[in-house]
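Have a look at the structure below, then the notes.
As the structure is a computational prediction, the values presented were derived from the model and not from experiment.
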Amino acid sequence: MSSSQGFFFKVHEVAKLIPYGKVTSYGAIAKYLGASGSARMVGWAMNASHKDPGVPAHRVVNRVGLLSGKHHFEGTNLMQQLLESEGVEVVDLKVQDFEKLFWDPMKEL
DNA sequence: TGAATGACTTCGG
DNA sequence: CCCGAAGCCATTC
């Protein structure tokens with residue numbers, strides 16, 4: 001319980017810092033946290049974010065802008081709708097102009 | 001303790 | 001960026 005929150009907490013904090021209408025990748029967050037090799041753990045942390053309101057998990061996608069985690073959201077297209085509601089163009093589960101919308105915590109923070 | 005899992009990434013073709 | 005295979009690492013059973 002408590003011991004595991006460390007990694008999750010940091011991931012949640014970074015996710016909360018993602019600007020509106022922007023997206024980032026698991027690897028970018030992992031690298032920012034100093035766990036570049038634990039990109040998968042970021043995804044795992046996002047899984048825990050489900051109980052942590054305020055964590056925009058829909059803004060976190062894989063390295064190519066693919067909504068790899070959309071299956072973990074309720075419904076069938078909630079994640080895409082959330083992104084589109086923020087002005088992010090999403091086609092076929094992929095973020096369009098990903099390079100433009102990409103928000104790198106290493107670079108911005 | 002060891003084996004399996006996963007919301008990823010990188011490399012080669 | 002598409003496809004397949006290997007690597008990584010914290011968490012779970």
Side-chain angles (χ1 to χ4, degrees):
Chain A
M1 287 210 183
S2 330
S3 48
S4 47
Q5 278 187 346
F7 188 75
F8 293 155
F9 182 76
K10 290 199 286 188
V11 174
H12 296 169
E13 287 298 296
V14 177
K16 290 174 186 174
L17 293 173
I18 302 174
Y20 182 93
K22 287 281 189 169
V23 293
T24 190
S25 67
Y26 304 92
I29 296 177
K31 187 176 182 181
Y32 176 73
L33 297 179
S36 51
S38 309
R40 309 184 89 165
M41 292 302 91
V42 175
W44 197 260
M46 299 320 291
N47 197 4
S49 77
H50 220 292
K51 64 178 183 179
D52 203 328
V55 179
H58 59 271
R59 292 181 186 156
V60 185
V61 297
N62 73 0
R63 67 171 176 98
V64 297
L66 186 68
L67 281 58
S68 45
K70 92 150 252 164
H71 291 278
H72 293 259
F73 282 80
E74 297 179 6
T76 55
N77 60 339
L78 177 60
M79 187 173 185
Q80 179 168 338
Q81 284 187 14
L82 288 171
L83 287 170
E84 289 180 335
S85 69
E86 296 188 357
V88 178
E89 186 180 7
V90 179
V91 177
D92 192 26
L93 303 182
K94 278 177 291 188
V95 176
Q96 305 305 292
D97 299 311
F98 179 60
E99 298 179 22
K100 262 195 316 190
L101 299 174
F102 184 71
W103 178 81
D104 189 350
M106 295 290 284
K107 192 175 180 179
E108 306 291 338
L109 302 183

Exercise for review: Kindly indicate whether the side chain of A/Arg40 and the base of C/dC8 share any N or O donor-acceptor pair separated by less than 3.5 Å?
Suggested key: yes
Check your understanding: In terms of hydrophobic clusters joined by side-chain contacts under 4.5 Å, are A/Tyr26 and A/Leu109 together?
Key -> yes
Check your understanding: Hey, can you pull the residues of residues 99-109 of chain A with a non-hydrogen atom under 4.0 angstrom from DNA chain B?
Key -> none
Point to revise | Neighbour count above 12 (heavy atom, 6.0 Å) for A/Lys31 NZ | key: no
Review point. Which part of the nucleic acid, if any, lies within contact of A/Asn47, taking any heavy atom under 4.0 Å across all strands shown: a base, the sugar-phosphate backbone alone, or nothing?
Key: base
Review point. For B/dT9, does OP1 or OP2 lie under 4.0 Å from any side-chain N or O of A/Ser36?
Key: no
**Study point:** C/dC2 phosphate, OP1 or OP2, under 4.0 Å from A/Lys94 side-chain N/O
**Key:** yes
Check your understanding: In whole angstrom, what separates A/Met41's CE from C/dC9's P?
Key -> 10 Å
Exercise for review: Please confirm whether the backbone N or O of A/His12 pairs with a side-chain atom of A/Ser49, one donor and one acceptor, at under 3.5 Å?
Suggested key: no
Exercise for review: Would you mind checking if A/Lys22 and A/Glu108 are paired as a salt bridge, meaning a charged N to carboxylate O distance below 4.0 Å?
Suggested key: no
Review point. Looking at A/Lys10 and A/Glu13, does any basic side-chain N land under 4.0 Å from a carboxylate oxygen?
Key: no
Exercise for review: Could you tell me whether the side chain of A/Val61 reaches within less than 4.5 Å of the side chain of A/Leu66, counting heavy atoms only?
Suggested key: no
